[in-house]
Amino acid sequence: MPQIEFSKDEKAVLVGRLQRYFNDELDHEIGQFDADFLLDFIAKEMGAYFYNQGLADAQTVVEKRMQDVTEGIYELEQPVSFNR
């Protein structure tokens with residue numbers, strides 16, 4: 001898996017969300033440096049789990065679409081006097 005990296009703007013948004021979460025839910029202020037460090041930790045230590053789940057979800061969608069395509073192709077077949 002490639003290392004999870006965010007653009008500067010994306011990271012700023014995520015750090016801000018961590019800071020708000022800590023403040024709103026845990027009644028604890030966390031500085032930008034600490035939130036940035038926590039985000040890096042989460043990405044490094046847990047990112048692969050989220051990444052793998054995303055891949056599994058994508059694979060499920062692709063498999064369903066392929067099944068729909070296969071069914072659509074069978075619907076297009078014309079009757080013939082012999083089967084393959």
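For this chain, numbers begin at 1 and follow the sequence in order.
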Hydrophobic clusters join Ile, Leu, Val, Met, Phe, Trp and Tyr when side-chain heavy atoms are under 4.5 Å apart, directly or via other members; which others share one with I73? V69

Between A35 and L18, which heavy-atom pair has the shortest distance, and what is it? O-CD1, 3.5 Å

What residues, two or more places apart in sequence or in another chain, satisfy side-chain hydrogen bond (donor to acceptor under 3.5 Å, both in side chains) together with K8? none

d(I4 CD1, I42 CD1) to nearest 0.5 Å is 11.0 Å

Other members of the hydrophobic cluster containing V62, with the 4.5 Å side-chain heavy-atom rule, please. M66

What residue pairs, at least two apart or across chains, pass salt bridge (Lys or Arg N to Asp or Glu O under 4.0 Å) with a residue in residues 44-73? K64-D68

Under the side chain to side chain donor-acceptor pair (under 3.5 Å) definition, can you give me all pairs with a residue in residues 14-38, not counting sequence neighbours? K11-D36

Does atom CZ of F6 have more than 12 heavy-atom neighbours from other groups under 6.0 Å away? yes

Check the hydrophobic clustering (I, L, V, M, F, W, Y; side-chain heavy atoms under 4.5 Å; chains of links allowed) and say if F50 and F41 are grouped together. yes

When hydrophobic residues are tied together by side-chain contacts of less than 4.5 Å, even through go-betweens, does L39 share a cluster with V13? no

When clusters are formed from ILVMFWY side-chain contacts under 4.5 Å, directly or step by step, what else is grouped with V61? none

Residues passing the side chain to side chain contact (heavy atoms under 4.5 Å, CB included) test with F33, sequence neighbours excluded, are none

Tell me, please, which residues at least two apart from S7 pass side-chain hydrogen bond (donor to acceptor under 3.5 Å, both in side chains). E10

